[in-house]
Amino acid sequence: MKYILMMNGTKTDFGEYAKWSKQDMEANVAFMRAFSKQLKDEGVFVATEGLGWPGQAKLVRASKDGTPITDGVFPESKEFLAGYWIVDVESPEQAYKIAARASAAPGPGGAPSNMPIEVRQVLGSHSDLGL
Amino acid sequence: MKYILLMSGTKAGVDTYVAWSKKDVDAHMAVLKSINKELTESGEFVGTEGLARPDRAIVVRGQKAGMPITDGIFPEAKEFLLGYWIVEVKTPERAYEIASRISVAPGPGGVPTNMPIEVRQIVSPSAKSQ
């Protein structure tokens, strides 16, 4: 079963992250790199991506003539996806355990950040939605 | 440049979708499939995934005695990711254009849903190799 592990944050959270010291940020990035490598070695890695800053996020709808209408204004409370991993595991519990490891990524001063990781199953096909 | 097009919705929004008729769902999916096919043919398609319903979402925060601390309670207003596309395009404008086409995929009775699609650039170092 494939699961997606998502890191989300508000613009305020991203702002806090941007204030971390260079050393703290490097330690965090080093952890993330090592984590992805461990997942590969464990044979559960499918994919990982990091997304651009929320300040560049656009919300797109179509106008009447079909051309895109873009908007960059979001509610303060909006949670932006910061990045994700997709893992292929035997059980949801295994996905939660991997998420707990990601959650322990070091924050300021090297203390575990305990950031929340949202865990969702990735569907094999649309019919898995049970519609 | 790689962009991710995110489709999100609240639990209430997803409940509305689940209540669509089979015919409406099929028409909706047919349009999304044809967009995927066109993007594949133009060489812009990288990937797409759909996520399980939000009522099965879990948030993990830290661990205790080696076990993950899990929680399934989210704010009412929380927007859950429902699915995404990743496209490789020459400009952000092209990503917006693709997003707007997804946005007008038909809803109940064939009326365009006009669902908002969030467009974000992918910046991971792996962006070129994957």
Side-chain angles (χ1 to χ4, degrees), chain A residues 2 4-6 8 33 36 47-54 56-63 66-71 74-75 77-81 83-84 86 92-93 95-104 112-126 128-131, chain B residues 2 4-6 17-18 20 22 25 29 32 47 49-54 56-63 66-71 74-75 77-81 83-84 86 92-93 95-104 112 114-127 130:
Chain A
K2 283 202 291 182
I4 186 166
L5 281 42
M6 294 181 278
N8 300 306
R33 286 216 181 106
S36 290
T48 184
E49 297 289 3
L51 275 61
W53 289 80
Q56 293 158 13
K58 296 283 180 212
L59 208 54
V60 179
R61 290 187 177 85
S63 64
T67 55
I69 305 171
T70 61
D71 182 0
F74 295 90
S77 62
K78 153 104 179 152
E79 285 189 326
F80 290 90
L81 183 62
Y84 64 82
I86 297 178
E93 288 71 27
Y96 304 153
K97 278 189 183 166
I98 296 169
R101 285 159 61 192
S103 176
S113 57
N114 278 332
M115 59 177 171
I117 306 286
E118 186 182 332
V119 181
R120 307 272 303 281
Q121 193 177 355
V122 173
L123 301 173
S125 77
H126 194 72
D128 290 351
L129 262 179
L131 295 170
Chain B
K2 279 210 295 188
I4 187 164
L5 316 183
L6 306 162
Y17 177 65
V18 170
W20 288 12
K22 186 173 181 300
V25 170
M29 290 312 298
L32 296 185
E49 296 289 0
L51 274 60
R53 290 170 57 171
R56 289 160 56 194
I58 293 288
V59 67
V60 177
R61 199 188 300 252
Q63 49 187 330
M67 292 304 288
I69 303 168
T70 62
D71 185 1
F74 297 90
K78 158 124 176 130
E79 285 189 329
F80 289 91
L81 183 63
Y84 66 80
I86 298 177
E93 287 70 29
Y96 304 153
E97 200 178 300
I98 297 166
S100 73
R101 292 189 49 209
I102 293 168
S103 174
V104 292
N114 281 328
M115 58 184 163
I117 304 292
E118 186 184 330
V119 180
R120 307 273 303 281
Q121 193 175 355
I122 286 181
V123 296
S124 34
S126 63
Q130 283 186 7

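Chain letters run A, B, ... following the sequence lines, proteins first and then strands; every chain starts at 1.
The existence of a salt bridge linking K78(B) and E79(A) is confirmed by a sub-4.0 Å separation between a basic side-chain nitrogen and an acidic carboxylate oxygen. Using a 4.0 Å cut-off between charged side-chain N and carboxylate O, E118(B) and K78(A) make a salt bridge.
Put simply, the side chain of M115(B) does not reach to within 4.5 Å of the side chain of R61(A), judged on heavy atoms. Looking at heavy atoms from C-beta onward, E49(B) lies out of side-chain contact with L123(A) at the 4.5 angstrom threshold. Side-chain contact between V60(B) and L5(A): absent, with no pair of heavy atoms (C-beta onward) separated by less than 4.5 Å. A 4.5 Å side-chain heavy-atom check between L51(A) and V123(B) finds every atom pair outside the cut-off. Side-chain atoms of T70(B) and E93(A), non-hydrogen and from C-beta on, never get closer than 4.5 Å to each other. Between R120(A) and P54(B) there is a side-chain heavy-atom pair separated by less than 4.5 Å.
Across N114(A) and G62(B), no two heavy atoms sit closer than the pair OD1-CA, 3.2 Å. Of all heavy-atom pairs spanning A62(A) and S103(B), the tightest one is N-OG, 3.8 Å.
Listed options P116(B), A99(B), P92(B), G47(B) were ranked by heavy-atom pairs under 4.5 angstrom with chain A; first place goes to P116(B). The greatest number of non-hydrogen atom pairs below 4.5 Å with chain B, out of I4(A), T67(A), V60(A), is found for V60(A). Note: L81(B) leads L5(B), L81(B), L6(B) in heavy-atom pairs under 4.5 Å with chain A.
L81(A) touches chain B through backbone and side chain together, each having a heavy atom under 4.5 Å away. With a threshold of 4.5 angstrom between heavy atoms, N8(A) approaches chain B through side-chain atoms but not through N, CA, C or O. Interface remark: S100(B) contributes backbone and side-chain atoms alike to the contact with chain A (heavy atom separation under 4.5 Å). Heavy atoms closer than 4.5 Å to chain B are found nowhere in P112(A), neither backbone nor side chain.
Between the OH atom of Y84(A) and the CD1 atom of I4(B) there is a distance of 4.0 Å, given to the nearest 0.5 Å. Between Y96(B) atom OH and I69(A) atom CD1 the span is 14.0 Å, to the nearest 0.5 Å. In this structure, CD1 in I117(A) is found 14.0 Å from CD1 in I58(B), a value given to the nearest 0.5 Å. Put simply, CZ on F74(A) and CD on E79(B) are 9.0 Å apart, with the number rounded to the nearest 0.5 Å. The structure places CD of E49(A) at 4.0 Å from NZ of K2(B), a figure rounded to the nearest 0.5 Å.
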For Q121(A) and R56(B), what are the C-alpha separation, side-chain angles and deciding distance, and is it a side-chain hydrogen bond (donor to acceptor under 3.5 Å, both in side chains)?
-> CA-CA 8 Å; Q121(A) 193 177 355; R56(B) 289 160 56 194; 2.6 Å; yes

inquiry  = Test side chain to side chain contact (heavy atoms under 4.5 Å, CB included) on R120(B) and F80(A); report intermediate values, then the result.
reply    = CA-CA 10 Å; R120(B) 307 273 303 281; F80(A) 290 90; 3.7 Å; yes

